[in-house]
Amino acid sequence: MVNAAKLLQDLRASAERKPDVVVRLGKPLIDSGAVMKLDADAWLVYEQVAIAALDVGDDVLAHKCIQALEAKFPGSARVNRLNGMKFEAVGKLTEAAAIYKAILEEDETNVLAAKRQVMLLRAMGLPTDAISALVKYLDINYTDFEGWLQLADLYLEELMYGQAAFCMEEVLMLQSQNHIFHLKYAEILYTQENYQLALKQFCRVIELCKDHVRGLYGIKLCTSRLLKSAPSKDATATSQEDLKAIDLLATERLIAVYSANGAASTKSISTKWIECL
Amino acid sequence: MAVQQAPSQLGRIICLFGFLLLFHSGYSTFEHLSYLKAVDGHEAGLPLDITIELLMSVALFGLGIVLVADDFKEILMETEMAKQSIESLDARPSFYSFNHRGRAVFRNVVLKD
């Protein structure tokens, strides 16, 4: 039981979405009542298992968790949005909308309800309304990098790469040490065919996380594109020698990473393939 | 350190001894001071054996804590970040949407250990 509680806590910390694991660990805890031994953590576990149960389709378990939370925290907006999420999960979108609207009428600044409203609009099939709602939210809470990330994703779904790149820039202003955000920005730039800037961002990914394979591939793709096109007359552009040097470095690192694990036969194949990229 | 097979047990026992010594030396100090008060003596500082007992308890505590504590994390943020995956860094838990296949995939699956 202690093991299950620790694993659930790790999952809460890492924010990974693994609903089957959470339900598998949390359901016996909740059914047997052992969850109450966790004191303050018990309510976090209830919330976590409720959301996971909605993901997995176990509405009975979700209802049980939400009822336990409502008994402990009556009138709480945080518990009420779980009700809204339950309606969203079963497809009753109008009831969910009513719940979120009620929460926001009581408290205009409620962040959780505003975010759920955005996702509800997207679930209803109104992506442009979802985008406007999220933009309105971010006008007020511009330091919420999660919101900017979500806006970037919404724009990417609509294939609006310029706006998505802008959102990623906002994210990078708030969280500049995170290599995954640089990677996402780099890939959006590559899609926009802005190879110079994409190369810089891919290099930043490697700087922040040594030997990140996806970043190394990005570097190889960018350098191969830039070497094929005519040299730019722009003074700030990377010179051809630098491009070749970066390309060589990326190739070496990729071969090193792939040779570290794997049989001799795969080593030679992967080496040949990387050199042809 | 070499003693990593049973870190918590030995460490906990050592911490317990350290605490007992600390408690004992504190109690001895109290008794010593009340004895001095009873015979109207002047306070000439703590007797040597109580001091030694106190220092020993500090040493034992130090040893015990080192054995009981968890492994260190790396100082460079780079190594911690390298272990994180896109799934955990790009997750936006407040923005979950529920119109996905999960409900159908797990419909007839009984999730248990």
Side-chain angles (χ1 to χ4, degrees), chain A residues 4 11-25 27-28 51-59 61 81 85-86 88-91 93 111-112 114-116 118-120 122-123 134 144-147 149-150 153-154 175 177-181 183-184 207-212 214, chain B residues 1 3-19 61 63-113:
Chain A
L11 279 171
R12 277 201 300 276
S14 76
E16 287 176 17
R17 194 170 184 175
K18 293 192 170 159
D20 52 335
V21 174
V22 171
V23 169
R24 192 175 289 137
L25 291 171
K27 191 161 179 189
I51 298 178
L54 289 176
D55 266 334
V56 154
D58 194 343
D59 296 325
L61 178 60
R81 61 126 189 171
M85 280 160 102
K86 190 167 74 127
E88 264 188 77
V90 297
L93 300 176
V111 161
L112 295 167
K115 291 183 177 181
R116 291 313 313 163
V118 169
M119 293 318 283
L120 181 66
R122 182 171 164 273
L134 190 49
D144 188 0
F145 78 93
E146 201 189 24
L149 266 181
Q150 184 62 37
D153 251 21
L154 287 175
Q175 299 261 330
Q177 298 303 316
N178 195 319
H179 60 283
I180 296 297
F181 299 152
L183 186 68
K184 199 159 173 175
E207 240 186 287
L208 289 169
C209 177
K210 213 166 82 140
D211 284 348
H212 196 260
R214 200 157 152 173
Chain B
M1 287 198 68
V3 192
Q4 283 298 339
Q5 308 103 345
S8 40
Q9 278 302 84
L10 182 62
R12 278 189 196 146
I13 293 173
I14 293 180
C15 277
L16 183 66
F17 272 131
F19 177 71
F61 251 135
L63 186 65
I65 293 289
V66 164
L67 290 176
V68 162
D70 284 335
D71 285 332
F72 286 155
K73 283 205 169 94
E74 298 277 328
I75 194 166
L76 284 178
M77 178 120 142
E78 203 180 273
T79 35
E80 277 299 309
M81 291 300 282
K83 290 184 207 146
Q84 307 239 352
S85 65
I86 294 181
E87 271 185 5
S88 68
L89 290 172
D90 206 20
R92 299 169 291 271
S94 327
F95 285 108
Y96 279 168
S97 83
F98 292 102
N99 53 344
H100 54 58
R101 300 169 291 188
R103 298 178 69 82
V105 165
F106 290 106
R107 197 199 320 267
N108 294 322
V109 172
V110 176
L111 282 166
K112 57 179 174 150
D113 274 328

[options]: which one forms the most heavy-atom pairs within less than 4.5 Å of chain B?
options: Gln175(A), Glu88(A), Arg116(A); result: Arg116(A)
options: Val23(A), Val21(A), Asp20(A); result: Asp20(A)
options: Arg214(A), Lys27(A), His212(A), Met85(A); result: Met85(A)

Q. Based on non-hydrogen pairs under 4.5 Å, which of Val109(B), Val105(B), Asn99(B), Leu89(B) is most in contact with chain A?
A.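 Greatest number of close heavy-atom pairs with chain A: Leu89(B).
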Q) Is the shortest heavy-atom distance from the side chain of Leu134(A) to the side chain of Phe95(B) under 4.5 Å? A)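 Leu134(A) reaches Phe95(B) side chain to side chain.
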Q | Met119(A) and Arg92(B), any side-chain heavy atoms less than 4.5 Å apart | A |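 Side-chain contact under 4.5 Å: no.
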Closest heavy-atom pair and its distance - [X], [Y]:
X: Ser85(B); Y: Glu16(A); value: OG-OE2, 4.1 Å
X: Ser88(B); Y: Ala15(A); value: O-CB, 4.3 Å
X: His100(B); Y: Asp55(A); value: NE2-OD1, 2.6 Å
X: Lys115(A); Y: Ser94(B); value: CD-CB, 3.5 Å

**Q.** Backbone N/O of Pro93(B) and side chain of Arg17(A): donor-acceptor pair under 3.5 Å
**A.**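 Side chain of Arg17(A) to backbone of Pro93(B): no pair is present.
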For [X], is it the side chain, the backbone, both or neither that has a heavy atom under 4.5 Å from a heavy atom of chain B?
X: Phe145(A); value: neither
X: Leu208(A); value: backbone
X: Asp59(A); value: side chain
X: Asp153(A); value: side chain
X: Arg122(A); value: side chain

What's the separation between atom [atom1] in [X] and atom [atom2] in [Y], rounded to the nearest 0.5 Å?
X: Cys209(A); Y: Gln84(B); atom1: SG; atom2: CD; result: 10.5 Å
X: Phe98(B); Y: Ile51(A); atom1: CZ; atom2: CD1; result: 6.0 Å
X: Glu146(A); Y: Asp90(B); atom1: CD; atom2: CG; result: 10.5 Å
X: Asp58(A); Y: Arg103(B); atom1: CG; atom2: CZ; result: 9.5 Å

Q. Around Phe106(B), counting heavy atoms of other residues, nucleotides and ligands shown, do more than 12 lie under 6.0 Å from its CZ?
A.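 Correct, the count exceeds 12.
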Q) Quick one: side-chain hydrogen bond (donor to acceptor under 3.5 Å, both in side chains) partners of Lys210(A), sequence neighbours excluded? A)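 So Lys210(A) forms no side-chain hydrogen bond (donor to acceptor under 3.5 Å, both in side chains) with any residue.
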